[in-house]
Amino acid sequence: MPFLGQDWRSPGWSWMKTDDGWKRCDFYCDYERDDNFNLHLLNVDNPDFYSADKLDVSAQKRRKEQFNNTTKCQNFYHEKWIYIQKESTRERHGYCTLGEAFNRLDFSSAIWDIRRFNYVVKLLQLIAKSQLTSLSGAAQKNYFNILEKIVQKATEDQYNPRLIRELLQDLSSSLCILIQEVGRCVLVGNINIWISRLETIYSWQQQLMNLQITQHLDGGPTIRDLPLHMQTNIMNRFTDAWDIINLGQVTPTLHVLSEDRLLWQKLCKHHFAEKMFCRHLIVSEKGHIDWKLMFFALQKFYPTREQYGDTLQFCQHCSILFWKDTGHPCTANDPASCLIPVSPQHFIDLFRF
């Protein structure tokens with residue numbers, strides 16, 4: 001029985017016949033938010049495309065590198081699910097890498113879903129810290145294009161800019177180390193491209209630093225107009241310590257609620273086990289446990305519990321990774337029992353061979 005798998009052959013280059021012979025052409029897609037795109041045909045081998053005046057070879061090469069760095073993402077075929085293959089078999093040759101999974105799964109559309117936004121940002125942050133050099137050139141370009149859309153969403157919708165600033169800070173620190181150690185580490189691409197990306201990151205950081213949260217003046221009720229018990233209920237539903245602190249800066253009443261000992265005690269018990277409390281017990285001058293200081297002390301030694309609105313799912317029976325609402329063709333008798341949620345760290349661990 002023959003095995004019908006994915007074609008191993010690449011589509012190859014596109015060529016255009018001219019009076020001077022055949023010229024290689026490149027396609028690139030300019031995506032918009034509504035998934036409509038315009039396809040442009042560019043003759044990248046024509047020197048007049050980069051500059052009308054006469055340039056030397058090195059200048060033309062720099063212009064061409066700059067053009068390749070600033071073009072939009074490639075036309076990746078986004079799939080609803082992917083098979084995680086960790087070794088070669090008689091039926092399947094090769095294995096699935098982190099960059100391949102990052103390109104094939106539709107992370108670009110996931111950032112517009114508020115349930116998946118924090119999940120994608122956390123994944124990009126983990127990749128920036130340790131896995132940036134393991135991405136292929138195409139995956140790196142896709143990474144920065146998704147990051148550009150995230151910054152655009154943060155500046156336009158003013159949604160969670162603190163999380164984006166942390167991501168850009170970790171990414172800029174990693175890039176500085178990689179650029180300084182060029183030649184001693186694997187860095188895919190020209191050094192000029194990485195310097196240009198680092199400058200772009202600094203520009204994004206400046207945009208977020210200058211971001212002003214606009215106050216809605218539509219005349220509707222605000223959080224300060226709610227009864228005290230409803231404000232307390234809202235405060236108790238936060239699982240991020242900095243969200244509680246930032247909300248406490250809105251009004252004096254919310255500041256008093258944000259300093260409540262029971263609130264921080266619930267937060268400590270939500271993120272950490274009780275056996276950890278004895279090792280880092282902090283007592284105030286009045287003889288009470290300072291749960292707020294103890295939370296930040298525990299945070300330095302133990303990871304906090306991650307909570308996301310929607311995550312990727314992994315089928316242990318089929319070894320398939322997919323988004324929860326898309327599903328996959330499972331052959332198990334009880335597909336629901338084979339599914340496990342995939343955290344951002346677990347996603348990276350799946351591709352460590």
Side-chain angles (χ1 to χ4, degrees), residues 2-12 29 31 35 37 72-113 115-147 149-150 188 306 308-353:
F3 175 76
L4 301 179
Q6 188 176 6
D7 193 355
W8 56 269
R9 295 169 296 181
S10 64
C29 299
Y31 286 93
D35 294 332
F37 59 89
K72 295 298 181 182
C73 63
Q74 300 180 15
N75 187 12
F76 296 113
Y77 178 68
H78 292 145
E79 303 177 17
K80 296 181 179 180
W81 53 267
I82 61 172
Y83 175 77
I84 305 300
Q85 182 177 351
K86 296 187 176 182
E87 59 183 5
S88 297
T89 61
R90 293 180 58 185
E91 293 81 11
R92 294 174 178 265
H93 293 279
Y95 54 90
C96 184
T97 62
L98 175 64
E100 183 181 356
F102 189 76
N103 288 337
R104 291 167 60 186
L105 290 172
D106 195 4
F107 288 102
S108 181
S109 300
I111 61 176
W112 304 112
D113 190 339
R115 302 171 301 167
R116 301 173 180 174
F117 182 82
N118 292 351
Y119 181 87
V120 177
V121 172
K122 182 62 177 181
L123 177 60
L124 265 63
Q125 188 175 12
L126 293 177
I127 292 176
K129 289 181 178 180
S130 60
Q131 301 295 320
L132 195 60
T133 55
S134 65
L135 299 180
S136 63
Q140 289 174 2
K141 178 177 279 190
N142 189 28
Y143 178 94
F144 281 94
N145 284 325
I146 294 176
L147 183 59
K149 293 182 180 180
I150 290 176
V188 179
E306 297 180 357
Y308 304 100
D310 190 15
T311 64
L312 287 170
Q313 301 288 317
F314 181 72
C315 180
Q316 295 175 307
H317 177 77
C318 306
S319 296
I320 286 179
L321 191 64
F322 63 98
W323 289 107
K324 187 176 181 179
D325 57 350
T326 58
H328 77 288
C330 187
T331 58
N333 295 329
D334 187 9
S337 62
C338 303
L339 303 182
I340 57 173
V342 179
S343 65
Q345 184 61 53
H346 186 197
F347 179 86
I348 294 178
D349 294 339
L350 284 174
F351 304 97
R352 288 181 176 175
F353 309 123

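Computed from a prediction, not measured in an experiment: that's the story for all the values here. Note: hydrogens, waters and symmetry copies are ignored here, and every other heavy atom, side chains too, is used.
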Can you tell me if [X] uses its side chain to pair, donor with acceptor, with the backbone of [Y] under 3.5 Å?
X    : Y    : value
Q313 : K324 : no
Y143 : L124 : yes
N142 : A138 : no

Out of F117, Y119, F102, W112, which residue meets the ring-ring contact (aromatic ring centres under 6.0 Å, His included) rule with F107?
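Exactly one candidate clears the test, F102.
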
Among F322, W323, W81, exactly one meets ring-ring contact (aromatic ring centres under 6.0 Å, His included) together with H328. Which residue is that?
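Only match with H328 under ring-ring contact (aromatic ring centres under 6.0 Å, His included): F322.
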
Just so I know, are the side chains of [X] and [Y] near enough to count as touching, which here means a heavy-atom distance under 4.5 Å?
X    : Y    : result
C318 : T331 : yes
K122 : Y308 : yes
E100 : I82  : no
C338 : F314 : no
K129 : I348 : no
T311 : H346 : no

Count the heavy atoms of every other residue, nucleotide or ligand shown that sit under 6.0 Å from CG of D334, and state whether that count exceeds 12.
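Atom CG in D334 is crowded, with more than 12 foreign heavy atoms closer than 6.0 Å.
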
